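This report refers to the structure that appears directly beneath it.
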Amino acid sequence: MTKEENEARLKKLKGIVSAMPEKPGSYQYYDADGSIIYVGKAKNLKNRVSSYFHSEVDRFKTKVLVSKICDISYTVVNTEEDALLLENALIKKYNPRYNVLLKDGKTYPSICVTKEYLPRIFPTRTINKKWGTYYGPYSHVGSMHAVLDLIKKLYRPRTCKQPMLKEGVESGKYQVCLEYHIKNCGAPCVTKQSWEDYQKNIEQAREILKGNTREVLRQMRDEMMSLADELRFEEAEEVKRRYLLIEQFVAKSEVVSHTINNVDVLSITNDEKVAFINYIHVSNGQINQSFTFEYKKKLDESEEELLQLAIVEMRERFKSKAKEIILPAEVNIDLDGVTITVPQRGDKKTLLDLSQMNGKQYKFDRLKQAEKLNPEQKQVRLMKELQDLLHLAKMPYQIECFDNSNISGSDAVAACVVFKKMKPSKQDYRKYNIKTVTGPDDYASMKEVVYRRYHRLVEEQQPLPDLIVADGGKGQMEVIRQAVQDELGLDIPIAGLAKNDRHRTNELLYGFPPRVIGIKDTSELFRVLTQLQDEVHRFAIEFHRNKRSKRALQSELDTIKGIGPKTRDELLNGLKSVKKIRESSLEELSTIVGTSKAQIVYNYFHNQAKDNEK
């Protein structure tokens, strides 16, 4: 791979990572052939996967793994525990190269079932398939030991490391050990437990390790009923004990309900030009496949038509023989021996919701990737979203917002901020001193400023905004309407942003009479509207503060006729305060600013003092 190709590969991968959600899930790395080479889990997918691509990564094996990655996929789940269980299921199914090759002390352990005459079951990190069958690897040691503890309680496989041959058992070569006396082993080495019974237990243990708990439970239930029919109640009670242990274990460890087996789940997330269809396959209570596909529409196909195509294509692609397909809506498709289910509640509805969540997340990620490459696409999307929300005749390219600021009516000002393409256009911001309103009357001040703003735009034949937003509720909207529609005769849509008791934006209002428009306060559009309101408030407060400060800092020397800024500054620099200037003699003043200027200042303060004495 050339340097340019490698840089392009890393750029593509980092683009995928930057769009990943900050949610729990399992991630999969693919090589150039499209094969899964690594499966991992994460509490936070974006943070975990991005850590592989940090420049300071110094582990050799991690660098080797990263050098082989050509693509990344992931599956979002609800909890970190679900991410762990899903990771285990995917590792068992695909046996990825780099999950197995990590053979140091930090690698995942597996469970080995030996090929001996009397097989043993134990955890190991060393894989040698000529000695037995391996299940795993397990990324969470606690989960592995939970399975081993269950098997130990259920089947009591031997734990001794002594090699045992058929001839030795038949000749009585071996003796029972302590494990038999404390009832942890059935002593098949001395035929206290028959070889057939021991092998049956080992086979059931294998099924549990494969995840086929449903089949084991069915067999045990049949055996329990058969023993009860034969009045062998003690043996039936022992089978029942094992049955309950497995049920308890399954309830804690399955990703989905263990009653769901060999099922396909499809959901669809629609867009104007594209549909995203998520496919999940569930086998023995575990998700072992999850993919989202993008379908580009050609003839404005319906959701039913797209799902029909997806069902056939995905079952063919993944060689699925599932007898049940879970869908969000009925689809007119006839598959031999296959049932279509549209769940309304329960475990299957939870599974469908999980599929829909993955489809929506995939759509969101693709959108974010596209917007990174073309930032204007995001702005157009937000404008279109606001247009649809308010049912505007055209997209709101230019939005203007007004706010007032004063303290008990003093230094009353107003501000207008302008957003173009959902971004601040600061060169178009305007400040206004209130001219016709006396006292603290926000409504009258708002009406004056709005009238002045749009009267001038009309006179100068400047473009008018596509939407006016009031920083306030119904009252502010009404006075803007009076100025714009009644007095100027303009047809400009008007909205309002109301705040709650904590002075936080919580409602979008539109129409006359104004009505609340439903918008999620976590949405991107709501954040932009909040930014608009915060910006006009900041701009108005800043203007008001500057005006008030300028008035407060004005010196009494500025009111003396014949004394300019230069003389004022010389006096203040020399005597430090107006009080000392007032108390100074004519000679002291003359040494600083000369005789003529000093006489003007001296006469001003002494004439003022004489006037105060009268």
Side-chain angles (χ1 to χ4, degrees), residues 18-23 267-278 292 294-297 300 302-303 306 356-402 417-425 428 463-473 477 480 491-500 504-512 514-537:
S18 67
M20 290 180 79
E22 296 183 4
K23 293 181 179 180
S267 66
I268 184 168
T269 302
N270 237 329
D271 207 341
E272 284 188 1
K273 298 180 180 179
V274 180
F276 302 92
I277 297 180
N278 177 261
T292 301
E294 183 177 334
Y295 286 80
K296 291 185 179 180
K297 298 181 183 179
D300 195 25
S302 67
E303 288 191 357
L306 291 168
Q356 289 175 327
M357 180 174 72
N358 275 280
K360 289 177 180 178
Q361 187 64 55
Y362 184 88
K363 174 187 173 183
F364 179 72
D365 295 343
R366 289 300 301 267
L367 196 61
K368 282 181 68 177
Q369 285 180 279
E371 288 172 354
K372 279 180 180 285
L373 297 174
N374 182 10
E376 287 194 0
Q377 185 173 327
K378 174 183 176 180
Q379 297 156 20
V380 171
R381 174 174 61 83
L382 291 173
M383 288 191 293
K384 185 70 169 67
E385 189 177 337
L386 185 57
Q387 179 189 7
D388 294 341
L389 200 63
L390 303 182
H391 302 290
L392 302 176
K394 61 179 180 176
M395 284 198 294
Y397 171 81
Q398 181 171 325
I399 304 173
E400 298 188 357
C401 187
F402 294 85
V417 302
V418 180
F419 272 36
K420 291 182 177 178
K421 295 183 73 172
M422 307 307 265
K423 286 189 174 184
S425 178
D428 295 311
L464 296 170
D466 302 304
L467 177 67
I468 301 172
V469 177
D471 177 33
M477 290 175 66
I480 290 176
D491 184 18
I492 304 174
I494 301 166
L497 289 170
K499 294 185 177 181
N500 58 18
R504 293 179 180 173
T505 308
N506 72 327
E507 284 184 344
L508 172 64
L509 304 173
Y510 185 71
F512 291 97
R515 65 185 187 280
V516 177
I517 303 299
I519 178 173
K520 290 184 179 179
D521 57 5
T522 56
S523 69
E524 206 168 359
L525 176 60
F526 188 84
R527 287 198 294 272
V528 172
L529 294 175
T530 302
Q531 180 192 0
L532 173 69
Q533 188 176 32
D534 291 344
E535 179 69 357
V536 73
H537 187 65

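What you see is a predicted model, and the numbers here were worked out from it, not measured in a lab.
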- request: Would you indicate whether the side-chain heavy atoms of Val417 and Leu532 approach each other to under 4.5 Å?
  value: yes

- request: State, to 0.1 Å, how close Leu509 and Ile517 come at their nearest heavy-atom pair, and which atoms those are.
  value: C-CG1, 4.5 Å

- prompt: Can you find a heavy atom in the side chain of Lys420 that is under 4.5 Å from one in the side chain of Asp428?
  reply: yes

Separation of Gln387 CD from Leu382 CG (nearest 0.5 Å): 13.0 Å

- prompt: Which heavy-atom pair separates Met383 from Tyr397 by the least distance, and what is that distance?
  reply: SD-CA, 3.6 Å

task: Measure the spacing between CZ of Phe276 and OG of Ser267 and express it to the nearest 0.5 Å.
output: 12.0 Å

message: For a quick test of reading the model, state the closest non-hydrogen atom pair linking Pro396 to Leu467 and the distance between them.
response: CB-CB, 4.3 Å

query: Among Val469, Ile494, Leu392, Val516, which residue meets the side-chain contact (heavy atoms from CB on, under 4.5 Å) test with Tyr510?
result: Leu392

task: Assess the side chains of Asn278 and Gln356: does a donor N or O sit below 3.5 Å from an acceptor N or O?
output: no

message: If we ignore hydrogens and angles and just use 3.5 Å, is the side chain of Asp471 paired with the main-chain N or O of Phe402 as donor and acceptor?
response: no

task: Verify the distance criterion only: is there a donor paired with an acceptor across the side chains of Glu400 and Gln398 at less than 3.5 Å?
output: yes

- request: Kindly compute the distance separating CE (Met395) from CG (Leu386), expressed to the nearest 0.5 Å.
  value: 11.0 Å

